[in-house]
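A short write-up of the structure that comes next.
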There are 2 protein chains.
Amino acid sequence: MKDAPERPVTMAQVADLAGVSVPTVSRVINSSAPVAEETRRAVVRAIETLGYHPNLMARGLSRGRSDTVLVILPHITEPSVAMRLSALIDVLRKSPYELHLVDLERPPEQRIRRIGEIVLRNRPAGVVIISLPLDDVDHRHIHNADVPVVLIDSTSTDFPSDSVDDIAGGELATNHLIGLGHTEIAFIGDQEETAIGVPASANRRLGYQRAMKFADLPVPSGYKGTAPHGMDTARRVARDMLRLSQPPTAIFAASDVQALGVLAAAREVGLDVPRQLSVIGFDDIQAASLTGLTTIRQPLEASGRRAGLQLLQMLGHRVREKKPEFPELEVVVRSTTGPVSSNTAQEPLSAVSLEKADMVTKVSSSPGSAARQARLIPRRK
Amino acid sequence: MKDAPERPVTMAQVADLAGVSVPTVSRVINSSAPVAEETRRAVVRAIETLGYHPNLMARGLSRGRSDTVLVILPHITEPSVAMRLSALIDVLRKSPYELHLVDLERPPEQRIRRIGEIVLRNRPAGVVIISLPLDDVDHRHIHNADVPVVLIDSTSTDFPSDSVDDIAGGELATNHLIGLGHTEIAFIGDQEETAIGVPASANRRLGYQRAMKFADLPVPSGYKGTAPHGMDTARRVARDMLRLSQPPTAIFAASDVQALGVLAAAREVGLDVPRQLSVIGFDDIQAASLTGLTTIRQPLEASGRRAGLQLLQMLGHRVREKKPEFPELEVVVRSTTGPVSSNTAQEPLSAVSLEKADMVTKVSSSPGSAARQARLIPRRK
DNA sequence: CTGAAAGCGCTTACAG
DNA sequence: CTGAAAGCGCTTACAG
């Protein structure tokens with residue numbers, strides 16, 4: 001077992017041992033042409049005794065593409081990305097494709113390598129791109145690579161994509177706060193990239209503005225905060241906002257990760273949530289239910305599943321499982337939002353907030369809570 | 001831009017346009033041999049006007065291995081896996097390697113494909129394997145593939161690996177509970193696989209037993225619960241345990257994910273944490289700090305970084321950044337553990353527990369808390 | 001049903 | 001410094 005590293009077994013060696021030609025071995029392995037049963041058995045035996053495994057690069061080179069589905073995504077630690085990916089993996093696991101994953105910097109300007117280039121270099125059988133914008137060059141490269149592509153959480157006229165109606169989601173979140181009596185409502189979201197294609201945060205902001213306008217509520221310039229995506233960056237923006245002379249009584253954060261940052265800022269500034277400050281997020285990642293965060297639930301896993309099934313179809317596979325319905329966006333009310341308080345003076349942090357935090361969990365999991373969850377059918381094209 | 005999908009540009013086309021031979025183009029691209037400056041420029045120009053990108057499969061086939069680092073890991077949604085991976089990605093991002101990721105089922109019996117087979121089929125330049133056990137066949141395959149391998153969170157005599165002293169960690173956790181006066185201490189961990197190599201949970205259990213024995217405390221058979229890894233499975237095991245006629249007053253869960261399940265079970269059964277039940281986890285994932293979970297912190301990111309740097313070294317790269325010290329395991333005391341209560345009768349859930357939950361956060365982040373954190377140098381070979 | 005031949009797009013000695 | 005040749009390990013027409 002510790003001999004000199006013999007070179008890996010090749011198809012030629014298998015052919016020799018089985019007493020057939022290389023193409024015959026290939027036919028047996030790929031079932032690409034009829035082979036006499038006896039021959040087949042000899043080949044299979046040779047494969048097993050030698051422990052042969054085909055070289056995917058050689059196969060891919062001669063076939064013109066590899067047996068790989070390439071998934072390109074931004075930082076994998078992002079919970080929403082991980083959830084979608086996980087569902088996608090589940091779908092692809094049963095398929096004949098290797099799943100290869102390439103993790104990219106989110107801000108395109110920091111990116112050394114372009115998406116199209118990665119596709120072109122790897123020649124995968126199919127591509128799934130999560131939460132990443134494509135530019136013209138990417139489109140051209142992918143076009144040249146002539147490979148099926150499915151997008152998640154970004155849009156393009158050229159490729160099918162799964163994404164929710166973020167504008168409606170933004171309205172939904174904002175209306176939840178308005179419904180609680182809030183009038184000083186702020187928004188915190190991603191720094192908006194110049195690259196088009198993944199406007200999730202920007203669209204949620206649009207929905208916020210729309211709802212505010214509809215309710216005839218003012219949006220002071222200080223009430224729109226953006227920063228590079230992240231919990232800590234959001235915390236800092238929120239802290240500044242909460243120290244304004246006229247701080248908001250409610251904040252809609254474009255994602256749960258950012259909402260968690262807002263909660264941290266509230267603690268820092270000494271504001272009681274939800275009595276002095278209401279906070280609503282977006283996504284409904286696991287941390288949201290763990291911390292009692294009120295949020296807009298979007299179907300993260302469904303989008304991963306759907307994208308996977310769609311790609312398999314495009315690759316010519318018959319898909320047994322039918323694509324899951326795309327569930328509606330919905331408000332999940334937990335314990336970080338509440339009616340606007342008449343008392344706007346800041347008071348020391350009390351234990352009350354955390355007591356409520358527990359009630360939340362119950363609320364969101366009990367059947368009766370359904371009544372408290374506003375619903376809205378997302379507009380989809 | 002919407003022309004018939006021309007086939008991707010090849011090196012031969014570049015050579016033609018530049019008026020040189022294919023090997024010369026190759027030399028320019030790889031800087032593998034001196035090329036006249038003028039020739040070089042012509043080639044570069046041709047590459048740019050054609051938008052050429054080398055076919056990695058072809059390169060890999062002729063070189064005998066691809067320019068890829070293959071990362072093989074179990075479910076990526078597992079927070080501890082994601083954290084290690086993220087750090088690994090950061091290190092490898094600056095390297096010349098594509099990072100390809102293969103996600104595997106954790107329980108080997110459910111696994112259709114073996115690790116060694118994946119390596120053999122892909123012929124990567126290097127491999128990192130996270131939290132996955134290798135068997136003899138895997139070892140043989142990898143040996144044949146003759147590729148550098150680094151292990152994270154599993155051990156092998158053949159490959160370098162980064163893993164903490166889980167036995168010591170188990171003792172640390174258990175001693176924390178013993179130090180609080182608990183005597184009825186239970187353990188909940190992973191179902192222990194037959195495959196050797198990733199005995200993290202089993203080793204933590206060993207540490208637990210050792211500490212209990214040393215303190216002369218009994219371990220009733222009902223106090224050792226195992227289930228397939230996961231929050232919900234752990235919840236069920238914990239629920240059963242908490243309904244024993246003699247329930248434990250403290251539970252050590254082999255991972256934070258499982259500890260969260262224990263907390264859910266406590267809520268379900270109506271036990272107040274930490275007054276009626278103390279819970280300690282292992283890992284210190286983000287959810288732990290968000291929920292105030294007391295836990296054993298292990299250096300998840302450091303292990304990812306270290307493995308990445310080690311692999312780059314094995315691949316013959318000079319590594320600028322020096323490998324981070326492997327930090328010690330330490331107890332992070334938050335709000336789910338407390339002194340054993342004299343009152344063992346079950347009482348209705350009170351708000352007190354959650355009030356404490358907030359104090360926790362402060363404790364763990366304030367400098368003064370260091371004094372409350374036991375430390376232990378892990379034994380490493 | 002099976003084999004000899006050509007080719008996939010690169011890299012790497014080998015000459016010059 | 002550069003090109004002609006061989007080869008990496010497969011697959012795919014093409015004959016038979």
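Nothing here was measured: the structure is a model prediction, and the numbers come from that model. Naming: A, B, ... by sequence-line order, numbering from 1 per chain.
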Inset, instruction - Examine the side chains of Glu98(A) and His100(B) and answer whether a donor and an acceptor come within less than 3.5 Å of each other. - result: no
Inset, instruction - Please check if the distance between the ring centroids of His75(B) and His229(B) is under 6.0 Å. - result: no
Legend entry - Nearest-nucleotide pick for Ser21(A), side chain only, options being dG9(D), dG3(C), dT2(D): dG3(C)
Legend entry - d(CZ, Arg63(A); P, dG9(D)) in whole Å: 17 Å
Inset, instruction - Determine, stepwise, if the pair Asp162(B) / Gln310(B) fulfils side-chain contact (heavy atoms from CB on, under 4.5 Å). - result: CA-CA 10 Å; Asp162(B) 253 358; Gln310(B) 165 112 39; 5.9 Å; no
Inset, instruction - Considering just the side-chain nitrogens and oxygens of Ser26(A), establish if one lies under 4.0 Å of OP1 or OP2 belonging to dC10(D). - result: no
Legend entry - Interatomic distance, Leu56(B) CG vs dG9(C) C1' [rounded to whole Å]: 12 Å
Legend entry - Rounded distance (Å) that lies between atom P of dG9(D) and atom CZ of Arg121(B): 16 Å
Inset, instruction - Would you mind telling me which of dG3(C), dC10(D), dG3(D) lies closest to the side-chain atoms of Tyr52(A)? - result: dC10(D)
Legend entry - Among dC8(D), dT12(D), dG9(C), the nucleotide that comes nearest once only the side chain of Arg7(A) is considered: dC8(D)
Inset, instruction - Taking the side chain as every heavy atom from C-beta outward, state whether Ile118(B) and Leu104(B) have any pair of such atoms under 4.5 Å apart. - result: yes
Inset, instruction - For residues Ala33(A) and Arg27(A), report the shortest heavy-atom separation together with the two atoms involved. - result: CB-CD, 3.7 Å
Inset, instruction - Please determine if Arg40(B) and Glu37(B) form a salt bridge, counting it only when a charged side-chain N lies under 4.0 Å from a carboxylate O. - result: yes
Inset, instruction - Round to the nearest Å and state the distance from His53(A) atom NE2 to dG9(D) atom P. - result: 16 Å
Inset, instruction - Provide, to the nearest angstrom, the distance between the CG atom belonging to Leu120(A) and the P atom belonging to dC10(C). - result: 10 Å
Legend entry - Minimum-distance nucleotide (side-chain atoms of Asn30(B) versus dT11(C), dG3(D), dT2(C)): dT11(C)
Inset, instruction - Under the side-chain contact (heavy atoms from CB on, under 4.5 Å) rule, what do Arg306(B) and Val150(B) come out as? Steps first, then yes or no, please. - result: CA-CA 10 Å; Arg306(B) 285 172 57 92; Val150(B) 175; over 6 Å; no
Legend entry - Interatomic distance, Ile29(B) CD1 vs dT11(C) P [rounded to whole Å]: 7 Å
Inset, instruction - Find the distance Asn55(B):CG to dC10(D):P and express it as a whole number of Å. - result: 17 Å
Legend entry - Which nucleotides of DNA chain D pair, in dot-bracket form (Watson-Crick or G-U under 3.5 Å, | meaning another strand): |||.||||||||.|||
Legend entry - Atom-pair distance (CG on Leu61(B); C1' on dT12(C)), nearest Å: 13 Å
Inset, instruction - Starting from the 5' end of DNA chain D, give me the residue, Ser62(B) or Arg40(B), whose nearest nucleotide shows up first. - result: Arg40(B)
Inset, instruction - When you get a sec, tell me which of dG3(C), dA13(C), dC10(D) is the closest nucleotide to the side chain of Arg27(A)? - result: dG3(C)
Inset, instruction - Kindly point out which of dA4(C), dG9(C), dT2(C) is positioned nearest to the side chain of Val35(A)? - result: dT2(C)
Inset, instruction - Would you mind classifying the nucleic acid contact of Thr39(B) as base, sugar-phosphate or nothing, using non-hydrogen atoms under 4.0 angstrom? - result: sugar-phosphate
